Amino acid sequence: MAVVGAGPGAPDLLTMRAHQRIREAQVLVWADSLVSPAVAALAPADCARISTRSLTLEAVMEVMLEQVRAGKRVVRLHDGDPCLYGALHEQICRLSEAGVTVEVVPGVSAYQATAAALGQSLTIPGLVQTIVLTRAAGRTGTPERETLKQVAALRASLCLYLSARHVDAVQEELLLHYPADTPVAIAFRISWPDERLLLTTLGAMAATTTAHKLIRTTLYLVSPALAASPTCRSRLYAPGHTHLFRGGQGQSAAR
Ligand SMILES: C[S@@+](CC[C@H](N)C(=O)[O-])C[C@H]1O[C@@H](n2cnc3c(N)ncnc32)[C@H](O)[C@@H]1O
């Protein structure tokens, strides 16, 4: 069976391998509350579709194992990339205990789709070279050493998942380290037909979220990179920077 990254929503953001696995699926197990229906629609018409929206892990496992043991090609779809904020670990452990081999197919994560929609780099030489993917603690919680206060101290490009419901507290904690005018992109259902992409500042992050009534499927990019000066540039393409494939200024690249 395969666990497949469904990407952020738009079917043409699937990897070719993900697309192929979905087109060959005989059973599709998916959270229809999270994964775009446009992606699930790529499965064959006679593919059985099982929604996990209201199931426990135990029930999901029972369904998947039953179908795998019946010899079906089972595809478990996860939004974005399966390695981020999903239930990959616990499913892989149980499938492996049951002797089932699993192929994991990566997907484009929400932070990548958002940066692409903005046409922005999250790493700018001399300004920010670190990206942090994290979330507000919420009901799941985060380890004490990873509180937003702690990670904010890096002033890195911060990609915040699952945090819209807690945006007031998030803003307050981030303001302990980032300046209030730090740019923030708020992406709602990026790449879906009803996507919204808002640009604001950290000082107005909570008010903007509330004004647009964003609660679910929202990602925040908080980053000095979003206001980088055009004079910032990489060393890689600087004329004076030589490396294996390019000699000094004026020399031919073909060596
Ligand atoms: C359960 S997590 C899964 C993340 C997913 N594995 C990924 O790599 O994008 C769901 C959260 O991801 C973010 N997310 C997923 N798809 C999104 C999209 N299309 N637009 C904005 N945020 C999205 C939101 O923060 C949402 O609350």
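This chain uses plain numbering: 1 for the first residue, then up along the sequence. Just so you know, ligand 1 is whichever comes first in the structure, and atom 1 is the first atom listed for that ligand. Since the model is a prediction, treat every value here as computed from it, not as a measurement.
Electrostatic pairing of Lys72 and Glu66 does not count as a salt bridge here, judged by no charged N lying under 4.0 Å from a carboxylate O.
Taking 4.5 Å as the limit, some side-chain heavy atom of Val170 sits within range of a side-chain heavy atom of Met205.
A distance of 9.0 Å separates OG in Ser223 from CG in Leu158, rounded to the nearest 0.5 Å.
Counting only residues at least two apart or on different chains, the salt bridge (charged side-chain N to carboxylate O under 4.0 Å, His left out) pairs with a member in residues 30-43 are Asp32-Arg53.
Linking Ile, Leu, Val, Met, Phe, Trp and Tyr whenever their side-chain heavy atoms come within less than 4.5 Å puts Val104 and Val27 in one cluster.
Using the six-membered ring where Trp is involved, Tyr161 and Tyr111 have ring planes that are perpendicular, over 60° apart on the 30 and 60° scheme.
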Using a cut-off of under 3.5 Å, which N/O atoms of ligand 1 pair up with protein N/O atoms, and what distance separates each pair?
residue	atom	partner	partner atom	Å
ligand 1	6 (N)	Asp79	O	2.8
ligand 1	6 (N)	Asp81	O	2.9
ligand 1	6 (N)	Leu84	O	2.7
ligand 1	8 (O)	Asp81	N	2.9
ligand 1	8 (O)	Ser109	OG	2.7
ligand 1	9 (O)	Ser109	OG	3.2
ligand 1	9 (O)	Ala110	N	2.9
ligand 1	19 (N)	Pro8	O	2.9
ligand 1	19 (N)	Ile190	N	3.2
ligand 1	19 (N)	Ile190	O	3.0
ligand 1	20 (N)	Arg189	N	3.4
ligand 1	20 (N)	Ile190	N	2.8
ligand 1	25 (O)	Leu162	N	3.0
ligand 1	25 (O)	Thr218	O	2.7

